[in-house]
Amino acid sequence: CKDCEPGWRSAYCNETCVNGVTNGTYCNCSANYGGPGCDVSCSVNNNTGLVCSGDSQGQCQSTDGSCRCNSGYSGPSCNCSLALCQSTMLGNVMCDVDTGKCVCASGYAGALCNTCLLYTSPSPRDS
């Protein structure tokens, strides 16, 4: 086993260490980067510019560059707060883990997610 030159990693020292520091045959990632070669950037909240929406909402995982969200937050950059969704809408709401946005729960619609789609009565002109 030998130590790789700075900027390289792997058993044969033939793979790059992009955003990190070479340590033997491994790459120790700099903050906000992950993956074996530290070539994956963690998601940034477009509204705040913070990686994983800041430490109070999530942390960047050096293993794969994903955000691990703290309890109560979800989404690719931990930018969806169920408590905030519920306070701005009338319940029946959830966070979409793929987009990080508030969406109506199944069976509900409307700007405030307060229209029940399952038991709507027909309007008088539908009769």
Side-chain angles (χ1 to χ4, degrees):
C1 293
K2 65 175 186 167
D3 288 346
C4 296
E5 294 291 322
W8 296 94
R9 66 175 185 85
S10 80
Y12 300 105
C13 299
N14 61 347
E15 296 177 34
T16 59
C17 175
V18 182
N19 297 296
V21 177
T22 301
N23 182 7
T25 58
Y26 297 96
C27 188
N28 292 337
C29 298
S30 301
N32 307 329
Y33 289 95
C38 302
D39 55 345
V40 180
S41 176
C42 283
S43 294
V44 174
N45 180 325
N46 292 331
N47 294 325
T48 65
L50 298 172
V51 172
C52 300
S53 297
D55 288 340
S56 65
Q57 292 179 223
Q59 293 80 38
C60 180
Q61 300 301 292
S62 62
T63 52
D64 61 4
S66 67
C67 291
R68 185 183 73 216
C69 300
N70 295 339
S71 179
Y73 295 94
S74 63
S77 63
C78 304
N79 58 326
C80 192
S81 161
L82 183 57
L84 181 61
C85 288
Q86 290 175 336
S87 71
T88 58
M89 301 169 121
L90 297 176
N92 309 312
V93 65
M94 57 190 250
C95 287
D96 183 312
V97 295
D98 294 324
T99 65
K101 296 181 189 275
C102 301
V103 294
C104 296
S106 179
Y108 293 89
L112 299 175
C113 297
N114 62 341
T115 302
C116 179
L117 299 176
L118 302 176
Y119 304 105
T120 55
S121 57
S123 66
R125 59 187 157 97
D126 291 338
S127 303

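Worth saying up front: this structure is predicted, and the values here are computed from it rather than measured.
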Straight-line distance of Tyr108 OH to Thr115 OG1, nearest 0.5 Å: 10.5 Å
Solution key, residues 90-105 side-chain donor-acceptor pairs under 3.5 Å, sequence neighbours excluded:
from	atom 1	to	atom 2	distance (Å)
Asn92	ND2	Cys113	O	3.3
Asp96	OD1	Asp98	N	2.8
Asp96	OD1	Thr99	N	3.1
Thr99	OG1	Lys101	N	3.3

Asn19 and Cys38 have their tightest heavy-atom pair at ND2-O, 3.0 Å
What's the spacing between Glu5 CD and Thr22 OG1 if we round to 0.5 Å? 9.0 Å
Test side chain to side chain contact (heavy atoms under 4.5 Å, CB included) applied to Ser43 - qualifying residues, sequence neighbours left out: Cys67, Pro76, Ser77
Could you name each residue pair satisfying salt bridge (Lys or Arg N to Asp or Glu O under 4.0 Å) that touches residues 11-32, not counting sequence neighbours? Arg9-Glu15
Nearest non-hydrogen partners of Cys69 and Gly75, listed with the distance: SG-O, 3.6 Å
SG/Cys4 to OH/Tyr26 distance, rounded to the nearest 0.5 angstrom? 10.5 Å
Measure the spacing between OG of Ser74 and CD of Gln57 and express it to the nearest 0.5 Å. 10.5 Å
Can you list the residues that meet the side chain to side chain donor-acceptor pair (under 3.5 Å) rule with Ser53, with sequence neighbours excluded? Asn45
Distance in Å, Tyr73 OH paired with Cys52 SG, rounded so as to fall on 0.5 Å steps: 13.5 Å
Hey, what do you get for CG (Leu50) to SG (Cys78), rounding to the nearest 0.5 Å? 11.5 Å
Residue pairs fulfilling salt bridge (Lys or Arg N to Asp or Glu O under 4.0 Å) with at least one residue in residues 31-42, sequence neighbours excluded: none
Determine the sole option in Ser62, Ser66, Cys60 for which the side-chain contact (heavy atoms from CB on, under 4.5 Å) test with Asp64 is passed. Ser66
Go through the structure and list residues passing side chain to side chain donor-acceptor pair (under 3.5 Å) with Gln86, not counting sequence neighbours. none
Residues forming a side chain to side chain donor-acceptor pair (under 3.5 Å) with Asn14, sequence neighbours excluded: Ser10
Under the side chain to side chain contact (heavy atoms under 4.5 Å, CB included) rule, collect the residues that match up with Ser30, sequence neighbours excluded. Tyr33
Under the side chain to side chain donor-acceptor pair (under 3.5 Å) test, which residues partner Asn28, sequence neighbours left out? none
If you take all heavy atoms of Asn70 and Gln59, which pair is closest and at what distance? OD1-OE1, 3.2 Å
Quick one: closest heavy-atom pair of Val18 and Cys27, and the distance? N-SG, 4.4 Å
With a cutoff of under 4.5 Å between side-chain heavy atoms, which Ile, Leu, Val, Met, Phe, Trp and Tyr residues group with Val44? Val51
Do you know the tightest heavy-atom contact between Gly35 and Cys29? O-SG, 3.6 Å
